[in-house]
Amino acid sequence: MVITTYLCSLSAHIIRMAIFSVSLQIALPLLVITNATLIKKGWDTCHFGSVECECQKVPDNLLKVDCSRRQLVKIPSLYSNVTWIDLSNNHIDNISVGFPKIVGYIDLSGNRIHHLDRKPFRGLYNLKSLNLEKNRINTSLMYKGLFADLHSLTKLNLKGNIQDQFKRTIIKDDVFSELISLQSLKIDGPTNVTFGKGFASLSRLQKLDLSGITGNCSFKRISKNMFLHMPRLIYVDVSACDILDIEEGAFGKLQYLEHLDVSHNKQLGFASLPNITHNLNNTSIKSLRCNEMNCLSGIGTKILKRHFENLKHTNISEIYFEKNRLEQLEPGALRLLPNTIDIISFGENKLTQGRYMIDFFFFRNIRVLNISVQLRPPPYPESIFETCAEKTDNFDSALKELHTPKECVKEYQASLNSFIYKSWWHGKIIGTIIVPKTLEVIYANMSRFYGIAPEFGINATGLREIYVQDNFFYSWNGPIYGVENIEIADVSNNYCSYISKSIMKYAIGLRILKASKNNIGKSLASDAEGEIFENTVSLEFLDLSYNNIFYLSTSMFKNMQKLRTLNLQNNQLSSWRVKVDHMKNMKYINLKQNKLTAFDKKSRVSFGNLFQLTNLTIDLSENQLLCSCDSKEFLEWITRHRKHFINFEYYECSSSSSHKFNFSDPDVSAMLLSKSCKSYQTIYIVSSIAAAFLSSIIIGITLVKNKWKIRYVVYKFKQRFRKHKGYFTNFQSGTPCYEYDAMISYSPKELSFVLTDVIPRLENGAGFKLYVKDRDEPVGTPFGETIMEAIQNSRRVVCLVTKSYLKSKLQDYELNMSRMEAIEDRGNLNFVHLILFPDVCNVSISIQTLDLVRQECFTEYPEEQCALDDFWERLRSIISKEFL
Ligand SMILES: *[C@@H]1O[C@H](CO)[C@@H](O)[C@H](O)[C@H]1NC(C)=O
Ligand SMILES: *[C@@H]1O[C@H](CO)[C@@H](O)[C@H](O)[C@H]1NC(C)=O
Ligand SMILES: *[C@@H]1O[C@H](CO)[C@@H](O)[C@H](O)[C@H]1NC(C)=O
Ligand SMILES: *[C@@H]1O[C@H](CO)[C@@H](O)[C@H](O)[C@H]1NC(C)=O
Ligand SMILES: *[C@@H]1O[C@H](CO)[C@@H](O)[C@H](O)[C@H]1NC(C)=O
Ligand SMILES: *[C@@H]1O[C@H](CO)[C@@H](O)[C@H](O)[C@H]1NC(C)=O
Ligand SMILES: *[C@@H]1O[C@H](CO)[C@@H](O)[C@H](O)[C@H]1NC(C)=O
Ligand SMILES: *[C@@H]1O[C@H](CO)[C@@H](O)[C@H](O)[C@H]1NC(C)=O
Ligand SMILES: *[C@@H]1O[C@H](CO)[C@@H](O)[C@H](O)[C@H]1NC(C)=O
Ligand SMILES: *[C@@H]1O[C@H](CO)[C@@H](O)[C@H](O)[C@H]1NC(C)=O
């Protein structure tokens, strides 16, 4: 009764599943379709003629329209209340149709516009932003009046329109002079570009972007007067323009200039710096970008004092000199930089040690120092095939500095001593580095720093963030003093295999620690008392992923009340013992790719408590969750709390699980598991009894089936045993040489036949040596042995199979042992030959015998007298025939 209800519920479940999967199959494509047409929040579809776009209502009954990426070939006829149009990335080539008069924003980038004839922007008095990027507009063909009505235009983008940089393109200043409100101009910089007198009318022009990174820029030269008519520029970007020469003071006239970018003009070289920076003291310069102003490959470069000289009296705050093969700076060069310096970046160079390093200590207001990514090889193969020759200084004053004068060494030593000195820390004298008080951030990742982190102090009250990931700090010994204020530390990927218990003793302010991709699992495992993280009470984010962690003690994170995120992805954890009860802010624990099988009861209670307090989520994917009756409670628990487990439906049972558990249908799985485990004990008892019973049957069957084989093997074993003791001497291995030509196996009733027919015919007549039991059996040997010996000493066994033969146990034994000998030792069933007498026809033959018959190892004894001679002749030939 119970079973039937169970089966019913099971089948109902199966049907439910089937329905579910069918509905899923129907639902999935629908889901995909709705996804594809999913529109932005707050936007609706709308139609302009046959064109479907997305629209958003904005105040004053106006409309924003997004018709981008719709393969339109012409502008749809838009309503007059459209104020914002995105037509980017279509195939539009003719824009003479006109736009709504009210429009303020037009994006036509990524189309195929050639011609701007018929004044397409006529009457657009409200247009503020016009984007014509990536079309095919030839600025040489622009005509006066084209922009006449664009009184309000503040932003114009014409980049990426040059198709052929070798054809002459000019920027007509009289056309642009009409854009009286223009503030930002992004335009290609064609060869021999000039910005004529007309630009003087653009009294609000602040931003000029000619960068070749986002467009086409190929002028080779910046003349002294290039920006003469644009005196109000604040932002100038001439990066990636293939510039060879910059005339002295070209930027010095731009009184309001704040941002200057001359990066990616690889042939300028540091030698151009004096011309670039000339008169910058007459500007408002704040940030100067000189990244990649040297060729990719070559020997290291050097910044000289004269390169920075002109910056001395500026108020510049940011300088970027990345990707310059920079190896050294002339000592004192950095000290020419004004005290307003806030950010310095020397990333992606090949800096080596030198006296210049002392100069870093002199910065009074530096906040961010970037010396990351040093000594990285230049990109291959560009670096080999580039045709590039940077400008170099004719004289290298630094050469003279190669051998430092004696007094310099002294001075150097003195200043070094004032920055690296011994200081008292907690009653100990420790080597200490003084870092400018203002320094907040150090980027020194991927800088090929190699060594241990020893015991030292750092006098850096302002330091908050330190990034030293991707170096080779392979052992974290410490303790490091003076790090109380550091909040963020990234020490990932440092090939570190040791972390001492004291290294973070003073890191009481640390909020974020990234230490992934090291190998500190062993050190952590040996920290039974949780001393490593004892004092990092402020930690909110801890990343220990990819660290070979196989064990974490209960008190590992005992003082981390503030922890919010714990990442332990890809470690070797097989059990979870860490106490978490106190982590009331915990939001996310990543335990992905570990070897966890389950949480024990204690952890479940702890996590359960946390689930009540915070919306903690745990990721247990790609673990080896055990699905068996032992972990039943865990599985039920995790099912109950599944909304706290990320990717729950993708969890999988380990291969060692005894049960199945489908995490995408956990309730049913849990129910089934529970049911199957409830009767587990009874099943266990019943099944073990059944198993015992079954195995005895199987053994019995096997024994019966292999009766003869077993007897044979036992005999052989005994024989070998005896042989070792020296009893058995009549045995030669290797060449088979038998005492008898044939052994005759017969039932006692046939003795007379043997004596009257067999012996005279075969022994006397054919000269074979026969073994005849009643004649040749040695007296006194136990039964069975004589038979086996005889079988082994005979080349053949001939069985005279009669009715009484088949019924006799002894003869059955003889026959079967011969057969085994044939199979096991001689490797051929022909060893046994049966002579079937006529009276066996109606007697049931054993399987073994049948086997022989089937192999045609028999001869029938003829009933007719006349056939007798033939029969004996055949028998003779069979006995004499070698079968091996
Ligand atoms: C814009 O104009 C069209 C047609 O003139 C009208 O259907 C639509 O409701 C207007 N949209 C708004 C937001 O007023
Ligand atoms: C652009 O379209 C207008 C009106 O449809 C047409 O008169 C003009 O010839 C077209 N121009 C080009 C270059 O196709
Ligand atoms: C742009 O127009 C000018 C003047 O017609 C012509 O000389 C030049 O080749 C054109 N440029 C391109 C890239 O077609
Ligand atoms: C640029 O100017 C130089 C010298 O004035 C001239 O030889 C060259 O042809 C010009 N290039 C183009 C594309 O106008
Ligand atoms: C112009 O710039 C665009 C965008 O950077 C680029 O795709 C195109 O190849 C450039 N054209 C030429 C002639 O350099
Ligand atoms: C600096 O500018 C002057 C002219 O203003 C020029 O003669 C000189 O070659 C320039 N120097 C470099 C290194 O470009
Ligand atoms: C800028 O520096 C130059 C020389 O480096 C000097 O002649 C000039 O007077 C300085 N101008 C200002 C405004 O400081
Ligand atoms: C510096 O700028 C002022 C105007 O602010 C100007 O009068 C002066 O001539 C400039 N000096 C140099 C050397 O360019
Ligand atoms: C730099 O700032 C100081 C103080 O604000 C000011 O007196 C000086 O004129 C500025 N110098 C330049 C070159 O802008
Ligand atoms: C750190 O340096 C300041 C001076 O900049 C000094 O007063 C202070 O004693 C130093 N602290 C330690 C611990 O050396």
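All values below come from the heavy atoms of this structure, side chains included, with hydrogens, waters and symmetry mates left out. Residue numbers count from 1 along this sequence.
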Problem set entry | Verdict with supporting geometry, R112 and R136, side-chain contact (heavy atoms from CB on, under 4.5 Å) | CA-CA 6 Å; R112 298 171 180 175; R136 292 156 193 186; 4.1 Å; yes
Please check if any side-chain donor atom of [X] sits under 3.5 Å from a side-chain acceptor atom of [Y], or the reverse.
X	Y	result
N225	S223	no
Q183	Q206	no
H307	D393	yes
E133	N157	yes
E322	S345	yes
Y467	E465	yes
S287	E258	no
N548	N519	yes
T191	S218	yes

Under 6.0 Å between ring centres: does that hold for [X] and [Y]?
X	Y	value
F270	F308	no
F472	F449	no
Y474	Y450	yes

For the pair [X] (side chain) and [Y] (backbone), establish whether a donor and an acceptor sit closer than 3.5 Å, ignoring hydrogens and angles.
X	Y	result
N111	I113	no
N89	S68	no
D237	S211	no
N494	V468	yes
N445	Y443	no
N590	N567	no
Y143	L116	yes
D188	N161	yes
N282	L280	no
Q71	R69	no

Hey, can you tell me if [X] and [Y] have their rings parallel, tilted or perpendicular (30° and 60° cut-offs)?
X	Y	value
H259	Y235	tilted
F346	F321	tilted
F195	F199	perpendicular

Could you report the tightest heavy-atom contact between [X] and [Y], atom names first, then the distance?
X	Y	answer
A271	T392	CB-C, 3.6 Å
V262	C290	CG2-SG, 3.8 Å
I486	I466	CG2-CG2, 4.0 Å
H278	G249	CB-N, 3.5 Å

For this session: Begin with the C-alpha distance, continue with both residues' side-chain angles, and end with the deciding distance and a verdict on side-chain contact (heavy atoms from CB on, under 4.5 Å) for Y320 and I343.
Result: CA-CA 8 Å; Y320 300 86; I343 300 176; 4.0 Å; yes
Would you find more than 12 non-hydrogen atoms of other residues, nucleotides or ligands less than 6.0 Å from [X] atom [atom1]?
X	atom1	value
K74	NZ	no
K224	NZ	no
H114	NE2	yes

For this session: Take N365 and N339 through the test side-chain hydrogen bond (donor to acceptor under 3.5 Å, both in side chains) and record every step on the way to the result.
Result: CA-CA 6 Å; N365 295 303; N339 276 328; 5.3 Å; no
Exercise. For the side chain to side chain contact (heavy atoms under 4.5 Å, CB included) test, which of M293, K266, R325 pairs with E390?
Worked result: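 It is R325; the other options fail the test.
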For this session: State which residue, out of I85, L130, L87, N131, fulfils the side chain to side chain contact (heavy atoms under 4.5 Å, CB included) condition with D107.
Result: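 Only one option passes, and that is N131.
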Hey, is [X] close enough to [Y] for a salt bridge, meaning N to O under 4.0 Å?
X	Y	value
K220	D242	yes
K159	D209	yes
E348	R376	yes

For this session: Test I171 against I187 for side-chain contact (heavy atoms from CB on, under 4.5 Å), laying out the working first.
Result: CA-CA 9 Å; I171 296 176; I187 194 167; 3.8 Å; yes
Problem set entry | Spatial distance of atom CG (L257) from atom OG1 (T314) [nearest 0.5 Å] |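 One gets 11.0 Å once the value is rounded to the nearest 0.5 Å.
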Exercise. Could you state the interatomic distance from NE2 (H264) to CG (N291), rounded to the nearest 0.5 Å?
Worked result: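 Answer for the NE2-CG pair, H264 versus N291, is 5.5 Å.
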For this session: Using the test salt bridge (Lys or Arg N to Asp or Glu O under 4.0 Å), find all partners of R367 that sit at least two apart in sequence or belong to another chain.
Result: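 Expected list: D342, E440.
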For this session: Begin from the C-alpha positions of L329 and L351 and carry the test side-chain contact (heavy atoms from CB on, under 4.5 Å) through to its verdict.
Result: CA-CA 9 Å; L329 289 94; L351 287 173; 4.1 Å; yes
Problem set entry | Verdict with reasoning, D245 to R221, per salt bridge (charged side-chain N to carboxylate O under 4.0 Å, His left out) | CA-CA 5 Å; D245 298 297; R221 182 177 183 82; 3.4 Å; yes
